J.: 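This is the structure I have questions about; it appears just below.
Sequence lines set the chain letters: A, B, ... in the order given, protein chains first and strands last, and positions in each chain run from 1. In this text, all values refer to a predicted model and were calculated from it rather than measured experimentally.
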Amino acid sequence: MARILITSALPYINGIKHLGNLVGSQLPSDTYARYMRARGHEVMYICATDEHGTPAEIAAAKAGKPVAEYCAEMHEVQAELARGFRLSFDFFGRSSSQRNHQLTQHLARRLGENGLIEIVTEKQVYSKADGRFLPDRYIEGTCPNCGYEGARGDQCEECTKQLDPTDLINPRSAISGSTDLEVRETKHLFLRQSRLRDRLDEWIDSKRDWPVLTTSIAKKWLHDGDGLQDRGITRDLDWGIPVQFDGAPWEGMEGKVFYVWFDAPIEYIGATAEWADANGLDDSAWERWWRTDKGADNVRYVQFMGKDNVPFHTLSFPATLMGSNEPWKLVDYIKSFNYLNYDGGQFSTSKGRGVFMDQALEILPSDYWRWWLLSHVPENSDSEFTWENFQASINKDLADVLGNFVSRVTKFCRSKFGEVVPEGGAYGAAELAVIDEISTRLAAYQAHMEAIEIRKASAELRAIWAAGNEYLQEAAPWAAFKTDPERAAAIIRFALNLIRLYAVLSEPFIPDASATILGAMKTEARDWPDDVAAAMNILTPGHEFTVPDVLFAKITDDARAEMEQRFAGKDS
RNA sequence: GGGCCUGUAGCUCAAUUGGUCAGAGCAGAGCGCUCAUAACGCUUUGGUUGGGGGUUCGAGUCCCUCCGGGCCUACCA
């Protein structure tokens, strides 16, 4: 049994995430976690809300709430949606937790003691009306290059020219519109990650098996221009982890907080500590996952994230841990994802374009979304959601191939033998052939899951379902029943066992349907089938079951058209 | 501007890293079956692998170039 630590990139707190966010980290990591648990491994699966930063403060202000209250509410909303999608986190924490405060401050202190932090005086734009410093992106004005009036302080979206906020003509706050801006001096802590460049470079080089998407981004940052640059890790904000604290090895940082990207990944550790607290366990319980001197040396740590998160996970977070000179567990494998597009464009929160997590659960069961998203997860390139494709996949894969198989077998059995596994007859060549085929496919399915090739695994799983229909067609129990009822009994017994097997194998992808099937089969036997032949004898003659209701209702053309209309967005 | 990714059948994607007629699923066509959610099975039609050039015994894969799509570019997260 292995020990596997799995973290999903933290969803930001300022709103409900869309399906693209879901499929880019949480969903595939959940499937992986479920699979690894099913294989008997010890899994710690962690996620949390990322709660600090300017957007959180603005969203709270917009909602007319204190930021702490806003974050607490949004955390609960996101936690509820996570439950709705059956995301099986061992703990869903908060980056604003006391645990994260302590850990973040601890690591910063260690970095400071190790000479890896310096104080830098910077000039930044301050908005008197907003009472805050403005990140470059939150300053708008006219582009000096092309005259576009909505240019941002970091870049003009019209002519793509990189800008400095002071370049803008008639600059204004993007938050309030105020033009009462001034440049002020402010001091910030910088993480001297340039000093760790060689160590990071060597470390990245050792990760031969990482996806190109992951390593190429890291290498670019390490080698572009002057190489890895030092990075500010503090901000002038109210909401966040205070930089000045007892034992802090620097002064004059009152009123400042750590930069959200400094504390967010630390929350992976923080959330594990929160998990221990929530379960009444002491520190050793979480430390054995994170401290290589306290048991984490045999942990395999896998991170899941969208491609936009890669630099922070390959460089700044490892730099934080390495720079502490403490034996923290570093990531072993990073699985990064491309983006999911929506019907020929991008998901857009502002335009209401695309399906968001709450809406998705309102209109269809989570298994539908899980199946489509996982079987189309953007592993190799951006992928595309269309309603037509969604409808076709759900109706064909879930309703016709899997759902109908369960239906035809259980209903046939009920009408000929009753709701009980029939006795008589014996498995023969046809059954052995199916066992052979499924064994081969199962090995492929497992290999793909081990390699975190979710799409390929889903295709293999589907083929395993389809093998049941092929078998049934070949064995034709409806014909056998007329001449040789014992033979029909053996076929149906075999098919009923296939149904149970399918429920077990499908659990990482469609946990609700899996539970429904096992419930209908009235069995608790969900051990992973290391031996397919043996698994075909788990439901024994005389075992009772019930015919389940339709597992997957089909999506009608009308329903599809309606949803297509509803989620098209305002401006497109 | 710079860097990276990407373009394969009508659609969504593969192709063991340069090696047999480029494969699946869906959609289309034909046949079969009648247990089942008008479901299932079998067979089958679709491709000058974005265009052009090059390297090689051999290119979807490597190089050059053009065209299209996307991401990143360090103060959004």
J.: How close or far is atom P of B/C11 from atom CG of A/Asn395, stated in whole angstroms?
T.: 21 Å

J.: Could you check whether A/Ser8 and A/Ser25, counting side-chain N and O atoms only, form a donor-acceptor pair closer than 3.5 Å?
T.: yes

J.: Side chain of A/Asp397, heavy atoms from C-beta onward: which of B/G25, B/C40, B/C76 has the nearest atom to it?
T.: B/G25

J.: Of A/Tyr368, A/Tyr342, A/Trp369, which is the lone residue that meets ring pair (Phe, Tyr, Trp, His ring centres under 6.0 Å) with A/Phe390?
T.: A/Trp369

J.: Check this one for me: any side-chain N or O of A/Tyr471 less than 4.0 Å away from OP1 or OP2 of B/C40?
T.: no

J.: Name the orientation class of the two ring planes belonging to A/Phe412 and A/Phe481 (parallel below 30°, tilted from 30 to 60°, perpendicular beyond 60°).
T.: perpendicular

J.: Looking at B/A74, does its base get a donor-acceptor pair with the side chain of A/Trp221 below 3.5 Å?
T.: no

J.: Between B/U37, B/C75, B/G41, which one does the side chain of A/Ala399 approach most closely?
T.: B/U37

J.: Assign A/Ser316 to base, sugar-phosphate, or nothing according to its heavy-atom contacts below 4.0 angstrom with the strands shown.
T.: nothing

J.: Please pick, from B/A14, B/A39, B/C76, the nucleotide with the shortest atom-to-atom distance to any side-chain atom of A/Pro135.
T.: B/C76

J.: Should the pair A/Tyr502 and A/Phe405 be assigned to parallel (<30°), tilted (30 to 60°) or perpendicular (>60°) ring geometry?
T.: tilted

J.: Which one, B/A39, B/C75, B/C76, comes nearest to the side chain of A/Asp136?
T.: B/C75

J.: For the side chain of A/Arg455 and the backbone of A/Val377, is there at least one donor-acceptor N/O pair under 3.5 Å apart?
T.: yes

J.: Starting from the C-alpha separation in whole Å, work towards a yes-or-no answer on side chain to side chain contact (heavy atoms under 4.5 Å, CB included) for A/Lys256 and A/Thr186.
T.: CA-CA 10 Å; A/Lys256 297 178 193 292; A/Thr186 180; 2.7 Å; yes

J.: Quick one: which of B/U34, B/A77, B/A36 gets closest to the side chain of A/Arg408?
T.: B/A36

J.: On the nucleotide B/A74, are OP1 or OP2 found under 4.0 Å from the side-chain N or O atoms that A/Lys220 carries?
T.: no

J.: Report yes if at least one side-chain N or O of A/Lys411 is closer than 4.0 Å to OP1 or OP2 of B/U37; otherwise report no.
T.: yes

J.: Is any side-chain N or O of A/Tyr259 closer than 4.0 Å to OP1 or OP2 of B/A74?
T.: no

J.: So, applying side-chain contact (heavy atoms from CB on, under 4.5 Å) with A/Ser506, which one of A/Ile517, A/Leu461, A/Ile464 is it?
T.: A/Leu461

J.: Find the distance A/His448:NE2 to B/U16:P and express it as a whole number of Å.
T.: 12 Å

J.: Are there runs of at least three consecutive Watson-Crick or G-U pairs touching RNA chain B, with each pair's two distances under 3.5 angstrom? Give them by first number.
T.: B:1-7 with B:67-73, B:10-13 with B:23-26, B:28-32 with B:40-44, B:50-54 with B:62-66

J.: Looking only at the side chain of A/Trp478 (C-beta and beyond, no hydrogens), which of the listed nucleotides B/C35, B/A74, B/U12 gets closest?
T.: B/C35

J.: Is any side-chain nitrogen or oxygen of A/Arg455 closer than 4.0 Å to OP1 or OP2 of B/U12?
T.: no

J.: Taking donor-acceptor contacts at under 3.5 Å, does the side chain of A/Glu122 reach the base of B/C75?
T.: yes

J.: How long is the line joining CD of A/Glu384 and P of B/C71, in whole Å?
T.: 13 Å

J.: Looking only at atom types and distance, does a side-chain atom of A/Arg152 sit under 3.5 Å from a main-chain N or O of A/Tyr138, one as donor and one as acceptor?
T.: no

J.: Is A/Lys456 close enough to B/A15 that one of its side-chain N or O atoms is under 4.0 Å from OP1 or OP2 there?
T.: yes

J.: Identify which nucleotide among B/G41, B/C72, B/A39 has an atom closest to any side-chain atom of A/Tyr339, counting heavy atoms from C-beta outward.
T.: B/C72

J.: If you check every side-chain atom of A/Val550, which of B/C26, B/U37, B/G41 has the closest atom?
T.: B/U37

J.: Taking atom P of B/C35 as reference, at what distance in whole Å does atom CZ of A/Arg487 sit?
T.: 18 Å

J.: Specify the separation, in whole Å, of atom CZ of A/Arg235 and atom P of B/C76.
T.: 8 Å

J.: Does any donor-acceptor pair link the side chain of A/Asn404 with the base of B/A39 at a separation under 3.5 Å?
T.: no

J.: Give me the ring orientation class for A/Phe385 and A/Trp387: parallel if the planes are under 30° apart, tilted from 30 to 60°, perpendicular past 60°.
T.: perpendicular

J.: Taking only side-chain N and O atoms of A/Arg137, does any of them lie within less than 4.0 angstrom of OP1 or OP2 on B/C75?
T.: no

